[in-house]
Structures are given as C-alpha cells and as structure tokens.
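Contents: one structure, followed by commentary.
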Amino acid sequence: MSEKTMFQKIIDREVDADIVHEDDRCVAFRDINPQAPTHILIVPRKPIPSLDDLEPEDETLVGHLFVVAREIAQEEGLRDGYRTVINCGDDGGQSVYHLHLHLLGGRRLEWPPG
Ligand code: DGP
C-alpha cells in the first residue's frame, strides 16, 4: 500500500491541523503556509489524488466541496469576494497528491497567477 499523504494523516487525526469544518464527505483546515489572510483547504475524505483522477461518480462530491467553500467564506466574513483554486499536476503547481480546493480571501488577489 502506498504511503499516506499528509492530508490523509490530517483526516485520520494522526497529524494536527486547524480544522474549520468537517462533515461526512470532507474536512477543511487552514493552510500551513497561508497566501492570504484566509487560506483554507477543503479536502474530500475520499483519497482522490488529483483533479485528473476524477470519475463521473465524483461529480456530486466536487460540487459539495464548492458549497462548503461558500459556507466557510461566509463564516470567515469574506464579503468582498474570494478565490477558489484546484492545482492539478506538476505544471499546475500541485504539491500534495490528495485532491483539495484552496479557498483564499481577505485581501485583493492578483490575476493572472505566475
Ligand atoms: P498544492 O500546492 O495545491 O498541492 O497545495 C498544497 C497546500 O498544502 C500548500 O498550500 C501547503 C499546504 N500544506 C502542506 N502540508 C501541510 C500540512 O501538513 N498541514 C497544513 N495545514 N497544510 C499543509
């Protein structure tokens, strides 16, 4: 069996994280290296490595991640907007191979990304 990712260890409560939301399908916690005043990762419990590994059966799960992102954005008071990002693969800047949705806000974010 392949080694658990850091996010799987957080989901399994083997590694500490600042968890802000948890339900039967996902866990959300603050990024250890925040790029904005609010930087939260929304991670499905299902260990899907990346966006590129999604199956048709994951459609509802991915939608759920975005609904949770919106709920957390409201709780965090991100009234002026926020950004959601999924990095995919090496060129997409993915470093942890357990699918996750970044929620960033609390400052004006630039576009395009580098
Ligand atoms: P990505 O590059 O899209 O794969 O984003 C991975 C993010 O995960 C990155 O912003 C840093 C964060 N991260 C990595 N390891 C840990 C950890 O152990 N705890 C927490 N809270 N975040 C982590």
Side-chain angles (χ1 to χ4, degrees):
M1 196 182 144
S2 60
E3 177 127 346
K4 278 186 185 183
T5 65
M6 193 54 80
F7 290 176
Q8 192 63 53
K9 290 178 184 173
I10 289 171
I11 290 167
D12 294 342
R13 299 300 182 105
E14 293 170 10
V15 167
D16 280 342
D18 186 356
I19 293 175
V20 298
H21 171 96
E22 195 168 13
D23 63 39
D24 59 328
R25 286 176 282 175
C26 70
V27 177
F29 49 86
R30 295 189 192 279
D31 196 292
I32 205 167
N33 183 23
Q35 301 301 311
T38 292
H39 188 172
I40 290 167
L41 304 170
I42 301 143
V43 184
R45 291 185 186 277
K46 183 177 176 183
I48 303 165
S50 85
L51 198 67
D52 208 37
D53 298 297
L54 282 185
E55 303 282 354
E57 68 191 28
D58 299 320
E59 209 171 279
T60 312
L61 174 60
V62 172
H64 179 67
L65 303 182
F66 281 92
V67 171
V68 168
R70 177 186 176 264
E71 287 171 4
I72 296 172
Q74 287 194 330
E75 287 163 13
E76 292 283 315
L78 304 179
R79 290 179 200 85
D80 294 331
Y82 50 88
R83 184 172 296 167
T84 52
V85 176
I86 296 178
N87 296 323
C88 178
D90 292 345
D91 275 3
Q94 186 173 4
S95 59
V96 179
Y97 279 79
H98 185 136
L99 181 70
H100 50 282
L101 178 65
H102 294 256
L103 169 66
L104 297 135
R107 70 170 172 85
R108 182 62 63 99
L109 299 164
E110 292 170 14
W111 190 264

Enter the distance from [X]:[atom1] to [Y]:[atom2] here, rounded to the nearest 0.5 Å.
X	Y	atom1	atom2	result
Ile10	Asp18	CD1	CG	10.5 Å
Gln8	His98	CD	NE2	5.5 Å
Arg25	Thr60	CZ	OG1	7.5 Å

ask   = Honestly curious: do Val15 and Ile32 fall in one hydrophobic cluster under the side-chain, below-4.5 Å linking rule?
value = no
ask   = Should Ile19 and Val96 be regarded as members of a common hydrophobic cluster, given that ILVMFWY residues are connected when their side-chain heavy atoms come within less than 4.5 Å of each other, either directly or indirectly?
value = yes
query = By the rule that ILVMFWY residues connect when side-chain heavy atoms come within less than 4.5 angstrom, directly or transitively, which residues belong alongside Phe66?
reply = Val20, Ile40, Ile42, Ile48, Leu51, Leu54, Leu61, Val62, Leu65, Val68, Ile72, Leu78, Tyr82, Ile86, Leu99, Leu101, Leu103
On a heavy-atom basis, which atom in [X] and which in [Y] lie closest, and how many Å separate them?
X	Y	result
His39	Asn33	ND1-O, 4.0 Å
Tyr97	Asp90	OH-OD1, 2.9 Å
Ala36	Gly105	CB-O, 3.5 Å
Leu104	Gln35	CD2-CB, 4.0 Å

message = Quick check: do His102 and Thr84 have side-chain heavy atoms less than 4.5 Å from each other?
response = no
ask   = Would you say Val27 and Phe7 make side-chain contact, with heavy atoms under 4.5 Å?
value = no
inquiry  = Tell me if the CD atom of Glu59 is crowded by more than 12 foreign heavy atoms within 6.0 Å.
reply    = no
ask   = Which pairs count as side chain to side chain donor-acceptor pair (under 3.5 Å) when at least one residue sits in residues 103-114, sequence neighbours excluded?
value = none
request  = Among residues two or more places apart or on two chains, list those pairs meeting side chain to side chain donor-acceptor pair (under 3.5 Å) that have a residue in residues 44-56.
outcome  = Glu22-Arg45, Lys46-Glu57, Lys46-Asp58, Ser50-Asp53
For [X], enumerate each residue passing the side chain to side chain donor-acceptor pair (under 3.5 Å) test, keeping only those at least two apart in sequence or located in another chain.
X	value
Arg79	none
Asp23	His21, His64
Glu76	Arg30, Thr38

key: Sidechain-backbone polar pair: His100 side chain, Ala28 backbone, donor-acceptor under 3.5 Å   = no
